[in-house]
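Here the structure is laid out as C-alpha coordinates; the discussion comes afterwards.
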Amino acid sequence: MYRQVTKFRNAISTILNEKKSFTSLRNLSSNAEDDKYKIKDNFEGRPLYLDVQATSPTDPRVLDAMLPYLTHYYGNPHSRTHAYGWESEAAVEKAREYVADIIGADPREIIFTSGATESNNIAIKGVARFYKEKKKHIITTQTEHKCVLDSCRALEGEGFTVTYLPVKTNGIICLEELEKAITPETAIVSIMSVNNEIGVKQPIDAIGVLCKQKKVFFHTDAAQAVGKIHLDVNSMNIDLMSISGHKIYGPKGIGAIYIRRRPRVRVEAIQSGGGQERGIRSGTVPAPLAVGFGEACRLAKQEMAYDHAHVEKLSKRLIDRLCGSLTHVIRNGDDVETYPGCVNLSFAYVEGESLLMALKDIALSSGSACTSASLEPSYVLRAIGADEDLAHSSIRFGIGRFTTEAEVDYTAKKCIHHVTRLREMSPLWEMVQEGVDLKTIKWSQH
Amino acid sequence: MASKTKTLQLYRTMLRESSKIPSYNFREYAIRKIRDTFKQNKQCTESTVIQNQLKEAQRNLEIIKRQAIVGQLYSTEKLVIEYTT
(Lines give C-alpha, C1' and ligand atoms only; values in the text may rest on other atoms or scores of the structure.)
Protein backbone atom coordinates (compact mmCIF):
# COMPACT_ATOMS: atom_id res chain seq x y z
CA MET A 1 0.00 0.00 0.00
CA TYR A 2 2.70 2.44 1.03
CA ARG A 3 4.74 1.53 -2.00
CA GLN A 4 1.78 2.26 -4.29
CA VAL A 5 1.33 5.70 -2.74
CA THR A 6 4.95 6.60 -3.27
CA LYS A 7 4.76 5.42 -6.85
CA PHE A 8 1.68 7.58 -7.41
CA ARG A 9 3.30 10.57 -5.80
CA ASN A 10 6.40 10.15 -7.94
CA ALA A 11 4.28 9.97 -11.06
CA ILE A 12 2.48 13.18 -10.17
CA SER A 13 5.67 15.02 -9.39
CA THR A 14 7.13 13.95 -12.76
CA ILE A 15 4.10 15.36 -14.56
CA LEU A 16 4.30 18.57 -12.55
CA ASN A 17 7.98 18.91 -13.27
CA GLU A 18 7.41 18.41 -16.95
CA LYS A 19 4.74 21.06 -16.93
CA LYS A 20 7.04 23.40 -15.07
CA SER A 21 9.84 22.84 -17.51
CA PHE A 22 7.46 23.42 -20.38
CA THR A 23 6.31 26.77 -19.02
CA SER A 24 9.88 27.77 -18.27
CA LEU A 25 10.85 26.86 -21.82
CA ARG A 26 8.04 29.04 -23.12
CA ASN A 27 9.24 31.90 -20.94
CA LEU A 28 12.73 31.39 -22.22
CA SER A 29 11.70 31.53 -25.84
CA SER A 30 9.68 34.70 -25.35
CA ASN A 31 12.67 36.17 -23.47
CA ALA A 32 14.94 35.39 -26.37
CA GLU A 33 12.46 37.11 -28.67
CA ASP A 34 12.41 40.16 -26.39
CA ASP A 35 16.18 40.17 -26.11
CA LYS A 36 16.58 40.46 -29.84
CA TYR A 37 15.00 43.91 -29.96
CA LYS A 38 16.11 45.09 -26.57
CA ILE A 39 18.57 47.92 -26.92
CA LYS A 40 20.23 47.51 -23.57
CA ASP A 41 21.21 44.52 -21.50
CA ASN A 42 20.07 44.62 -17.93
CA PHE A 43 23.19 44.55 -15.89
CA GLU A 44 24.31 45.17 -12.38
CA GLY A 45 27.40 47.16 -11.48
CA ARG A 46 29.58 49.76 -13.09
CA PRO A 47 30.64 49.37 -16.73
CA LEU A 48 34.10 48.12 -17.63
CA TYR A 49 36.51 50.79 -18.77
CA LEU A 50 37.98 50.29 -22.23
CA ASP A 51 38.55 53.87 -23.29
CA VAL A 52 42.09 54.64 -22.10
CA GLN A 53 42.74 56.84 -25.13
CA ALA A 54 40.20 59.32 -23.75
CA THR A 55 41.72 59.29 -20.30
CA SER A 56 43.37 56.72 -18.08
CA PRO A 57 42.61 55.93 -14.45
CA THR A 58 44.97 57.63 -12.01
CA ASP A 59 47.49 55.08 -10.79
CA PRO A 60 47.21 54.65 -6.98
CA ARG A 61 50.97 55.16 -6.75
CA VAL A 62 50.54 58.54 -8.46
CA LEU A 63 47.78 59.52 -6.08
CA ASP A 64 49.97 58.42 -3.18
CA ALA A 65 52.73 60.76 -4.36
CA MET A 66 50.26 63.63 -4.79
CA LEU A 67 48.35 63.41 -1.52
CA PRO A 68 50.98 65.10 0.69
CA TYR A 69 50.95 68.08 -1.70
CA LEU A 70 47.17 68.25 -1.57
CA THR A 71 47.21 68.31 2.22
CA HIS A 72 50.23 69.50 4.18
CA TYR A 73 52.64 70.87 1.59
CA TYR A 74 50.42 73.51 0.07
CA GLY A 75 53.04 76.18 -0.57
CA ASN A 76 53.26 78.12 -3.81
CA PRO A 77 56.27 76.71 -5.67
CA HIS A 78 57.19 80.24 -6.78
CA SER A 79 57.36 81.62 -3.21
CA ARG A 80 61.02 82.27 -2.54
CA THR A 81 60.75 83.68 0.97
CA HIS A 82 59.71 80.69 3.07
CA ALA A 83 59.99 76.93 3.55
CA TYR A 84 56.47 76.29 2.24
CA GLY A 85 57.53 77.60 -1.14
CA TRP A 86 60.87 75.83 -1.14
CA GLU A 87 59.46 72.38 -0.43
CA SER A 88 56.87 72.75 -3.21
CA GLU A 89 59.50 74.05 -5.59
CA ALA A 90 61.81 71.13 -4.84
CA ALA A 91 58.99 68.69 -5.55
CA VAL A 92 58.07 70.41 -8.82
CA GLU A 93 61.70 70.39 -9.96
CA LYS A 94 62.03 66.70 -9.13
CA ALA A 95 58.89 66.08 -11.19
CA ARG A 96 60.37 68.09 -14.06
CA GLU A 97 63.41 65.79 -14.01
CA TYR A 98 61.19 62.72 -14.29
CA VAL A 99 59.26 64.21 -17.22
CA ALA A 100 62.50 65.16 -18.97
CA ASP A 101 63.94 61.73 -18.30
CA ILE A 102 61.19 59.83 -20.10
CA ILE A 103 61.89 61.63 -23.41
CA GLY A 104 65.64 62.02 -22.97
CA ALA A 105 65.50 65.81 -22.53
CA ASP A 106 67.10 68.28 -20.15
CA PRO A 107 64.80 69.39 -17.28
CA ARG A 108 65.26 73.01 -18.37
CA GLU A 109 63.57 72.15 -21.65
CA ILE A 110 60.33 71.10 -19.95
CA ILE A 111 57.53 73.65 -19.44
CA PHE A 112 54.51 72.60 -17.42
CA THR A 113 51.15 73.42 -19.04
CA SER A 114 47.54 72.47 -18.42
CA GLY A 115 47.67 69.59 -20.88
CA ALA A 116 48.50 68.56 -24.41
CA THR A 117 45.95 70.95 -25.93
CA GLU A 118 47.70 73.94 -24.40
CA SER A 119 51.10 72.52 -25.34
CA ASN A 120 50.00 72.10 -28.95
CA ASN A 121 48.69 75.65 -29.01
CA ILE A 122 51.95 77.05 -27.61
CA ALA A 123 54.03 75.00 -30.04
CA ILE A 124 52.16 75.84 -33.21
CA LYS A 125 50.95 79.38 -32.56
CA GLY A 126 54.03 80.24 -30.51
CA VAL A 127 56.57 79.22 -33.15
CA ALA A 128 54.53 80.54 -36.06
CA ARG A 129 54.01 83.95 -34.47
CA PHE A 130 57.62 84.29 -33.32
CA TYR A 131 59.06 83.63 -36.78
CA LYS A 132 56.23 85.25 -38.75
CA GLU A 133 58.40 87.96 -40.31
CA LYS A 134 60.36 85.42 -42.33
CA LYS A 135 58.25 82.28 -42.41
CA LYS A 136 54.54 82.03 -42.99
CA HIS A 137 53.93 78.36 -43.78
CA ILE A 138 52.92 75.45 -41.55
CA ILE A 139 52.67 71.75 -42.39
CA THR A 140 50.49 69.29 -40.54
CA THR A 141 48.42 66.22 -41.39
CA GLN A 142 44.72 65.60 -41.85
CA THR A 143 44.60 63.08 -39.03
CA GLU A 144 45.93 65.35 -36.27
CA HIS A 145 44.04 66.00 -33.08
CA LYS A 146 41.37 68.71 -33.22
CA CYS A 147 43.46 71.17 -31.20
CA VAL A 148 46.30 71.08 -33.73
CA LEU A 149 43.93 71.48 -36.67
CA ASP A 150 42.09 74.28 -34.92
CA SER A 151 45.32 76.11 -34.03
CA CYS A 152 46.29 75.92 -37.70
CA ARG A 153 42.86 77.17 -38.70
CA ALA A 154 43.30 80.13 -36.36
CA LEU A 155 46.69 80.90 -37.91
CA GLU A 156 45.19 80.79 -41.39
CA GLY A 157 43.06 83.69 -40.21
CA GLU A 158 46.26 85.55 -39.32
CA GLY A 159 47.63 85.20 -42.82
CA PHE A 160 49.61 81.97 -42.56
CA THR A 161 49.26 79.24 -45.16
CA VAL A 162 48.81 75.69 -43.93
CA THR A 163 49.38 72.43 -45.77
CA TYR A 164 47.24 69.57 -44.46
CA LEU A 165 49.08 66.49 -45.67
CA PRO A 166 46.90 63.53 -46.62
CA VAL A 167 47.71 60.10 -45.23
CA LYS A 168 47.85 56.74 -46.96
CA THR A 169 45.07 54.20 -46.34
CA ASN A 170 47.08 52.75 -43.45
CA GLY A 171 47.06 56.17 -41.74
CA ILE A 172 50.77 56.89 -42.25
CA ILE A 173 52.02 59.95 -44.09
CA CYS A 174 54.04 59.73 -47.26
CA LEU A 175 57.56 61.06 -46.64
CA GLU A 176 58.03 62.15 -50.26
CA GLU A 177 54.92 64.26 -50.04
CA LEU A 178 56.17 65.85 -46.83
CA GLU A 179 59.49 66.60 -48.47
CA LYS A 180 57.71 68.18 -51.43
CA ALA A 181 55.52 70.26 -49.14
CA ILE A 182 58.45 71.82 -47.26
CA THR A 183 59.41 75.21 -48.69
CA PRO A 184 61.92 77.85 -47.51
CA GLU A 185 58.85 79.61 -46.09
CA THR A 186 57.97 76.70 -43.81
CA ALA A 187 58.28 77.49 -40.10
CA ILE A 188 57.08 74.31 -38.46
CA VAL A 189 56.01 70.77 -39.23
CA SER A 190 53.57 69.28 -36.72
CA ILE A 191 52.90 65.55 -36.93
CA MET A 192 51.59 63.41 -34.09
CA SER A 193 53.55 60.40 -32.85
CA VAL A 194 50.63 58.04 -32.19
CA ASN A 195 47.15 58.73 -33.49
CA ASN A 196 44.47 58.97 -30.82
CA GLU A 197 41.76 57.28 -32.86
CA ILE A 198 43.49 54.54 -34.83
CA GLY A 199 46.75 54.18 -32.89
CA VAL A 200 48.96 54.50 -35.96
CA LYS A 201 52.61 55.37 -35.30
CA GLN A 202 54.13 57.91 -37.69
CA PRO A 203 57.77 57.49 -38.81
CA ILE A 204 59.01 60.10 -36.31
CA ASP A 205 62.69 59.21 -36.87
CA ALA A 206 62.54 59.82 -40.59
CA ILE A 207 60.46 62.99 -40.24
CA GLY A 208 62.96 64.32 -37.70
CA VAL A 209 65.88 63.72 -40.05
CA LEU A 210 64.03 65.36 -42.93
CA CYS A 211 63.10 68.42 -40.88
CA LYS A 212 66.64 68.81 -39.57
CA GLN A 213 68.03 68.59 -43.06
CA LYS A 214 65.54 71.21 -44.33
CA LYS A 215 66.08 73.39 -41.23
CA VAL A 216 62.42 73.37 -40.24
CA PHE A 217 61.20 73.01 -36.67
CA PHE A 218 59.58 69.68 -35.94
CA HIS A 219 56.77 69.48 -33.39
CA THR A 220 55.12 66.21 -32.42
CA ASP A 221 51.97 65.72 -30.38
CA ALA A 222 53.04 62.75 -28.27
CA ALA A 223 50.10 62.70 -25.85
CA GLN A 224 49.26 59.13 -26.86
CA ALA A 225 52.85 58.01 -27.28
CA VAL A 226 54.85 59.09 -24.22
CA GLY A 227 55.24 56.25 -21.75
CA LYS A 228 53.88 53.76 -24.26
CA ILE A 229 56.55 53.67 -26.92
CA HIS A 230 60.21 54.66 -26.72
CA LEU A 231 60.80 58.32 -27.52
CA ASP A 232 64.03 60.27 -27.44
CA VAL A 233 64.01 63.90 -28.50
CA ASN A 234 67.70 63.96 -29.40
CA SER A 235 68.01 60.77 -31.43
CA MET A 236 64.70 61.53 -33.15
CA ASN A 237 65.51 65.21 -33.84
CA ILE A 238 62.34 66.50 -32.21
CA ASP A 239 62.29 70.25 -31.51
CA LEU A 240 58.99 70.53 -29.68
CA MET A 241 56.84 67.87 -28.07
CA SER A 242 53.47 67.91 -26.33
CA ILE A 243 52.87 65.57 -23.39
CA SER A 244 49.72 64.94 -21.38
CA GLY A 245 49.47 63.76 -17.77
CA HIS A 246 46.15 61.97 -17.79
CA LYS A 247 46.98 59.69 -20.71
CA ILE A 248 49.78 58.04 -18.74
CA TYR A 249 47.87 57.29 -15.51
CA GLY A 250 48.65 60.72 -14.10
CA PRO A 251 46.28 63.45 -12.93
CA LYS A 252 44.07 65.44 -15.28
CA GLY A 253 44.76 69.11 -15.86
CA ILE A 254 48.51 68.93 -16.36
CA GLY A 255 50.80 68.35 -19.28
CA ALA A 256 54.08 69.64 -20.57
CA ILE A 257 55.76 71.00 -23.63
CA TYR A 258 59.32 70.16 -24.49
CA ILE A 259 61.11 73.05 -26.20
CA ARG A 260 64.64 72.44 -27.47
CA ARG A 261 67.38 74.70 -26.09
CA ARG A 262 70.24 73.79 -28.44
CA PRO A 263 69.73 74.90 -31.18
CA ARG A 264 67.26 77.15 -29.50
CA VAL A 265 63.61 77.12 -30.50
CA ARG A 266 61.83 80.34 -29.60
CA VAL A 267 58.12 80.72 -29.06
CA GLU A 268 55.85 83.65 -28.41
CA ALA A 269 53.94 83.12 -25.17
CA ILE A 270 50.17 82.94 -25.45
CA GLN A 271 49.38 83.71 -21.83
CA SER A 272 50.56 86.93 -20.17
CA GLY A 273 51.25 87.02 -16.46
CA GLY A 274 53.85 86.55 -13.77
CA GLY A 275 56.44 85.06 -16.09
CA GLN A 276 56.53 81.59 -14.56
CA GLU A 277 57.95 78.69 -16.58
CA ARG A 278 60.52 80.95 -18.29
CA GLY A 279 57.77 83.32 -19.36
CA ILE A 280 56.36 80.76 -21.75
CA ARG A 281 53.48 79.71 -19.53
CA SER A 282 52.61 82.25 -16.85
CA GLY A 283 50.47 81.14 -13.94
CA THR A 284 51.23 79.24 -10.76
CA VAL A 285 52.41 75.70 -11.45
CA PRO A 286 49.93 73.35 -9.76
CA ALA A 287 52.42 71.59 -7.49
CA PRO A 288 50.28 68.52 -6.61
CA LEU A 289 49.46 67.90 -10.26
CA ALA A 290 53.09 68.37 -11.30
CA VAL A 291 54.20 65.90 -8.62
CA GLY A 292 51.62 63.37 -9.83
CA PHE A 293 52.61 63.91 -13.45
CA GLY A 294 56.27 63.41 -12.58
CA GLU A 295 55.53 60.21 -10.69
CA ALA A 296 53.40 58.98 -13.61
CA CYS A 297 56.34 59.58 -15.96
CA ARG A 298 58.77 57.84 -13.62
CA LEU A 299 56.48 54.81 -13.41
CA ALA A 300 55.79 54.82 -17.15
CA LYS A 301 59.51 54.74 -17.91
CA GLN A 302 60.16 52.04 -15.34
CA GLU A 303 57.28 49.84 -16.54
CA MET A 304 57.22 50.57 -20.24
CA ALA A 305 58.34 47.11 -21.31
CA TYR A 306 56.14 45.34 -18.76
CA ASP A 307 53.05 47.37 -19.67
CA HIS A 308 53.68 47.06 -23.38
CA ALA A 309 53.91 43.27 -23.17
CA HIS A 310 50.66 43.14 -21.20
CA VAL A 311 48.82 45.46 -23.58
CA GLU A 312 50.11 43.62 -26.63
CA LYS A 313 48.96 40.27 -25.24
CA LEU A 314 45.46 41.53 -24.45
CA SER A 315 45.17 43.35 -27.75
CA LYS A 316 46.02 40.19 -29.66
CA ARG A 317 43.58 38.23 -27.55
CA LEU A 318 40.76 40.68 -28.28
CA ILE A 319 41.41 40.80 -32.02
CA ASP A 320 41.76 37.01 -32.27
CA ARG A 321 38.49 36.47 -30.43
CA LEU A 322 36.54 38.99 -32.48
CA CYS A 323 37.95 38.04 -35.84
CA GLY A 324 37.66 34.36 -34.99
CA SER A 325 33.90 34.58 -34.47
CA LEU A 326 32.87 37.41 -36.77
CA THR A 327 33.40 38.06 -40.45
CA HIS A 328 33.64 41.47 -42.12
CA VAL A 329 35.65 43.02 -39.30
CA ILE A 330 38.13 45.62 -40.53
CA ARG A 331 40.96 46.99 -38.43
CA ASN A 332 41.43 50.67 -39.16
CA GLY A 333 45.03 51.78 -39.41
CA ASP A 334 48.24 49.94 -40.14
CA ASP A 335 48.64 46.29 -39.14
CA VAL A 336 52.20 46.65 -37.91
CA GLU A 337 52.99 50.31 -37.23
CA THR A 338 50.28 50.68 -34.60
CA TYR A 339 50.34 50.97 -30.85
CA PRO A 340 48.59 47.74 -29.73
CA GLY A 341 46.60 49.42 -26.95
CA CYS A 342 44.42 51.21 -29.50
CA VAL A 343 42.27 48.78 -31.45
CA ASN A 344 39.93 50.54 -33.87
CA LEU A 345 37.61 48.09 -35.59
CA SER A 346 34.83 48.56 -38.09
CA PHE A 347 32.06 45.99 -37.94
CA ALA A 348 30.55 46.16 -41.41
CA TYR A 349 26.74 46.40 -41.64
CA VAL A 350 26.45 47.35 -37.98
CA GLU A 351 25.94 50.95 -37.01
CA GLY A 352 28.59 51.93 -34.48
CA GLU A 353 26.25 54.00 -32.33
CA SER A 354 23.76 51.11 -32.02
CA LEU A 355 26.55 48.83 -30.96
CA LEU A 356 27.76 51.36 -28.40
CA MET A 357 24.21 51.60 -27.06
CA ALA A 358 23.99 47.84 -26.79
CA LEU A 359 27.36 47.64 -25.05
CA LYS A 360 26.41 49.97 -22.24
CA ASP A 361 28.16 47.72 -19.74
CA ILE A 362 31.48 48.54 -21.40
CA ALA A 363 32.81 52.08 -21.66
CA LEU A 364 33.84 52.37 -25.30
CA SER A 365 33.97 55.11 -27.88
CA SER A 366 33.63 55.33 -31.61
CA GLY A 367 36.56 57.72 -31.78
CA SER A 368 37.92 60.77 -30.06
CA ALA A 369 36.16 61.90 -26.89
CA CYS A 370 36.19 65.51 -28.13
CA THR A 371 33.94 64.65 -31.05
CA SER A 372 31.93 61.84 -29.44
CA ALA A 373 28.92 64.11 -28.96
CA SER A 374 28.32 64.38 -32.69
CA LEU A 375 27.07 61.59 -34.91
CA GLU A 376 29.32 62.67 -37.76
CA PRO A 377 31.76 59.95 -38.79
CA SER A 378 35.31 60.52 -37.66
CA TYR A 379 37.41 62.77 -39.89
CA VAL A 380 40.40 60.55 -39.16
CA LEU A 381 38.65 57.54 -40.65
CA ARG A 382 37.56 59.60 -43.64
CA ALA A 383 41.14 60.77 -44.11
CA ILE A 384 42.38 57.18 -44.36
CA GLY A 385 39.81 56.64 -47.07
CA ALA A 386 37.35 54.49 -45.13
CA ASP A 387 33.95 54.26 -46.79
CA GLU A 388 31.24 56.36 -45.19
CA ASP A 389 29.40 53.25 -43.97
CA LEU A 390 32.54 51.74 -42.45
CA ALA A 391 33.43 55.03 -40.80
CA HIS A 392 30.02 54.93 -39.18
CA SER A 393 30.54 51.42 -37.85
CA SER A 394 33.83 51.85 -36.03
CA ILE A 395 34.53 51.19 -32.37
CA ARG A 396 37.74 52.00 -30.52
CA PHE A 397 38.88 49.55 -27.84
CA GLY A 398 41.44 51.04 -25.49
CA ILE A 399 43.61 48.63 -23.54
CA GLY A 400 45.91 49.83 -20.80
CA ARG A 401 47.91 48.98 -17.70
CA PHE A 402 44.85 48.17 -15.62
CA THR A 403 42.86 46.19 -18.18
CA THR A 404 42.52 42.52 -17.26
CA GLU A 405 42.24 39.37 -19.32
CA ALA A 406 38.77 38.72 -17.92
CA GLU A 407 37.64 42.16 -19.09
CA VAL A 408 38.87 41.49 -22.60
CA ASP A 409 37.07 38.14 -22.67
CA TYR A 410 33.87 39.72 -21.39
CA THR A 411 34.11 42.49 -23.99
CA ALA A 412 34.77 40.06 -26.83
CA LYS A 413 31.85 37.85 -25.79
CA LYS A 414 29.42 40.76 -25.52
CA CYS A 415 30.62 42.32 -28.71
CA ILE A 416 30.27 39.12 -30.72
CA HIS A 417 26.77 38.60 -29.32
CA HIS A 418 25.55 42.09 -30.18
CA VAL A 419 27.20 42.34 -33.59
CA THR A 420 25.57 39.01 -34.55
CA ARG A 421 22.23 40.16 -33.17
CA LEU A 422 22.31 43.53 -34.95
CA ARG A 423 23.36 41.93 -38.20
CA GLU A 424 20.48 39.45 -38.00
CA MET A 425 18.11 42.40 -37.89
CA SER A 426 19.80 44.23 -40.74
CA PRO A 427 18.31 43.95 -44.25
CA LEU A 428 21.69 44.94 -45.66
CA TRP A 429 23.36 41.99 -43.97
CA GLU A 430 20.69 39.70 -45.37
CA MET A 431 21.39 40.99 -48.87
CA VAL A 432 25.12 40.53 -48.42
CA GLN A 433 24.53 36.96 -47.28
CA GLU A 434 22.52 36.42 -50.47
CA GLY A 435 25.47 37.65 -52.47
CA VAL A 436 24.20 41.08 -53.49
CA ASP A 437 26.93 43.65 -53.94
CA LEU A 438 25.58 46.66 -52.07
CA LYS A 439 27.67 49.11 -54.09
CA THR A 440 25.76 48.20 -57.27
CA ILE A 441 22.39 49.11 -55.78
CA LYS A 442 20.73 52.34 -56.79
CA TRP A 443 19.00 53.45 -53.65
CA SER A 444 16.70 56.09 -55.09
CA GLN A 445 14.90 56.71 -58.32
CA HIS A 446 15.86 60.33 -58.67
CA MET B 1 69.72 32.30 3.73
CA ALA B 2 67.87 34.14 6.37
CA SER B 3 66.57 36.69 3.90
CA LYS B 4 64.77 33.99 1.91
CA THR B 5 62.07 33.51 4.52
CA LYS B 6 61.92 37.27 4.96
CA THR B 7 61.42 37.75 1.21
CA LEU B 8 58.70 35.11 1.14
CA GLN B 9 57.02 36.76 4.07
CA LEU B 10 57.11 40.14 2.35
CA TYR B 11 55.70 38.56 -0.80
CA ARG B 12 52.79 37.05 1.10
CA THR B 13 52.09 40.24 3.04
CA MET B 14 52.04 42.24 -0.18
CA LEU B 15 49.58 39.87 -1.80
CA ARG B 16 47.39 39.84 1.31
CA GLU B 17 47.34 43.63 1.54
CA SER B 18 46.68 43.95 -2.21
CA SER B 19 43.59 41.78 -1.88
CA LYS B 20 42.13 44.54 0.30
CA ILE B 21 42.20 47.12 -2.51
CA PRO B 22 38.51 47.69 -3.34
CA SER B 23 38.92 48.66 -7.01
CA TYR B 24 38.87 45.58 -9.23
CA ASN B 25 41.37 46.92 -11.75
CA PHE B 26 43.88 48.24 -9.23
CA ARG B 27 43.64 45.06 -7.15
CA GLU B 28 44.16 42.77 -10.12
CA TYR B 29 47.07 44.89 -11.33
CA ALA B 30 48.76 44.91 -7.91
CA ILE B 31 48.53 41.13 -7.60
CA ARG B 32 49.77 40.54 -11.15
CA LYS B 33 52.62 43.02 -10.74
CA ILE B 34 53.76 41.60 -7.38
CA ARG B 35 53.74 38.03 -8.69
CA ASP B 36 55.61 38.90 -11.88
CA THR B 37 58.19 41.08 -10.14
CA PHE B 38 59.05 38.52 -7.48
CA LYS B 39 59.20 35.78 -10.09
CA GLN B 40 61.45 37.90 -12.29
CA ASN B 41 63.79 38.76 -9.41
CA LYS B 42 64.01 35.18 -8.21
CA GLN B 43 67.15 34.52 -10.27
CA CYS B 44 68.83 37.63 -8.93
CA THR B 45 72.01 36.82 -6.99
CA GLU B 46 73.70 40.17 -6.46
CA SER B 47 73.11 41.16 -2.86
CA THR B 48 73.00 44.94 -3.43
CA VAL B 49 70.38 44.54 -6.14
CA ILE B 50 68.36 42.24 -3.89
CA GLN B 51 68.58 44.73 -1.04
CA ASN B 52 67.38 47.54 -3.30
CA GLN B 53 64.53 45.45 -4.64
CA LEU B 54 63.45 44.55 -1.11
CA LYS B 55 63.54 48.20 -0.09
CA GLU B 56 61.45 49.11 -3.13
CA ALA B 57 58.99 46.34 -2.31
CA GLN B 58 58.71 47.58 1.26
CA ARG B 59 57.94 51.08 -0.06
CA ASN B 60 55.31 49.65 -2.37
CA LEU B 61 53.78 47.68 0.50
CA GLU B 62 53.29 50.93 2.40
CA ILE B 63 51.64 52.48 -0.68
CA ILE B 64 49.35 49.46 -1.06
CA LYS B 65 48.30 49.71 2.58
CA ARG B 66 47.58 53.43 2.34
CA GLN B 67 45.81 53.23 -1.02
CA ALA B 68 43.66 50.33 0.12
CA ILE B 69 42.39 52.61 2.88
CA VAL B 70 41.86 55.54 0.51
CA GLY B 71 39.98 53.24 -1.83
CA GLN B 72 37.78 52.00 0.99
CA LEU B 73 36.99 55.57 2.04
CA TYR B 74 35.67 56.45 -1.42
CA SER B 75 34.39 53.08 -2.54
CA THR B 76 31.95 52.77 -5.43
CA GLU B 77 29.71 50.09 -6.81
CA LYS B 78 31.47 46.98 -8.04
CA LEU B 79 32.15 46.45 -11.74
CA VAL B 80 29.74 44.44 -13.84
CA ILE B 81 32.39 41.76 -14.29
CA GLU B 82 32.58 41.19 -10.53
CA TYR B 83 28.90 40.26 -10.46
CA THR B 84 29.03 37.88 -13.40
CA THR B 85 32.09 35.89 -12.42
Side-chain angles (χ1 to χ4, degrees), chain A residues 40-52 56-68 70-71 249 292 295 298-299 302-311 313-314 358-364 398-414 417, chain B residues 10-11 13-44 49-50 52-85:
Chain A
K40 276 191 240 172
D41 282 346
N42 287 324
F43 64 90
E44 206 180 353
R46 275 166 70 74
L48 305 182
Y49 192 75
L50 264 93
D51 197 14
V52 285
S56 54
T58 312
D59 193 305
R61 289 167 290 187
V62 169
L63 179 64
D64 198 73
M66 286 169 70
L67 277 171
L70 287 161
T71 49
Y249 314 99
E295 182 66 8
R298 190 184 71 82
L299 289 169
Q302 184 187 301
E303 320 227 312
M304 200 182 289
Y306 183 71
D307 283 347
H308 197 277
H310 176 68
V311 164
K313 193 180 93 187
L314 292 190
L359 294 170
K360 270 285 169 264
D361 46 348
I362 305 159
L364 291 164
I399 298 162
R401 183 185 286 169
F402 298 108
T403 313
T404 68
E405 212 164 82
E407 285 180 305
V408 165
D409 291 352
Y410 182 93
T411 306
K413 197 182 102 196
K414 280 284 169 121
H417 168 72
Chain B
L10 180 62
Y11 174 67
T13 317
M14 285 183 90
L15 286 181
R16 194 174 55 241
E17 292 298 325
S18 295
S19 69
K20 295 178 190 163
I21 299 174
S23 154
Y24 165 81
N25 294 88
F26 295 158
R27 184 175 63 241
E28 293 286 312
Y29 172 75
I31 293 168
R32 173 169 64 88
K33 176 75 185 157
I34 292 163
R35 284 204 178 123
D36 289 349
T37 311
F38 274 84
K39 204 187 281 173
Q40 190 198 325
N41 290 335
K42 214 174 171 182
Q43 275 83 33
C44 195
V49 178
I50 294 175
N52 283 339
Q53 290 290 348
L54 286 175
K55 242 186 249 171
E56 172 88 19
Q58 194 67 45
R59 245 198 321 272
N60 280 326
L61 175 61
E62 297 305 315
I63 294 178
I64 291 167
K65 282 183 182 168
R66 282 195 298 268
Q67 289 303 309
I69 296 170
V70 172
Q72 282 155 18
L73 291 175
Y74 300 96
S75 62
T76 57
E77 206 187 343
K78 282 183 175 179
L79 288 187
V80 54
I81 201 163
E82 292 173 274
Y83 288 101
T84 50
T85 50

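A, B, ... follow the sequence lines: proteins, then strands. Residue 1 opens every chain.
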message: At a 4.5 Å cut-off on heavy atoms, which part of B/E77 comes close to chain A: side chain, backbone, both, or neither?
response: both
Heavy-atom contact with chain B under 4.5 Å, split by part of A/I362: neither
- request: Supply the atom-to-atom distance B/I81 CD1 to A/F43 CZ, rounded to the nearest 0.5 angstrom.
  value: 13.0 Å
- prompt: Would you say the side chain of B/S23 lies within less than 4.5 Å of the side chain of A/F402, judging by non-hydrogen atoms?
  reply: no
query: Taking everything shown except B/R32 itself, do over 12 heavy atoms lie less than 6.0 Å from its CZ?
result: yes
Side-chain heavy-atom pair A/Y49, B/N25 within 4.5 angstrom cut-off: no
query: What residue in A/P57, A/P47, A/G45 has the most heavy-atom pairs under 4.5 Å with chain B?
result: A/G45
message: Report which part of A/T411 has an atom under 4.5 Å of a heavy atom belonging to chain B: side chain, backbone, both, or neither.
response: neither
message: Walk me through whether B/Y24 and A/E407 qualify under side chain to side chain contact (heavy atoms under 4.5 Å, CB included).
response: CA-CA 11 Å; B/Y24 165 81; A/E407 285 180 305; 3.8 Å; yes
- prompt: Between atom NZ of B/K33 and atom CZ of A/R401, what is the distance when rounded to the nearest 0.5 Å?
  reply: 8.5 Å
message: Let me confirm one number: the CD-OG1 distance from B/E28 to A/T403, rounded to the nearest 0.5 Å.
response: 12.0 Å
task: Only counting residues at least two apart or in another chain, list the ones meeting salt bridge (charged side-chain N to carboxylate O under 4.0 Å, His left out) with A/R61.
output: A/D59, A/E303
message: Rounded to the nearest 0.5 Å, what separates atom CG in A/D361 from atom OH in B/Y83?
response: 13.5 Å
- request: Report, by ascending residue number, the residues of residues 62-71 of chain B in heavy-atom contact with chain A at a distance under 4.5 Å; give 'none' if the set is empty.
  value: B/I63, B/R66, B/Q67, B/V70
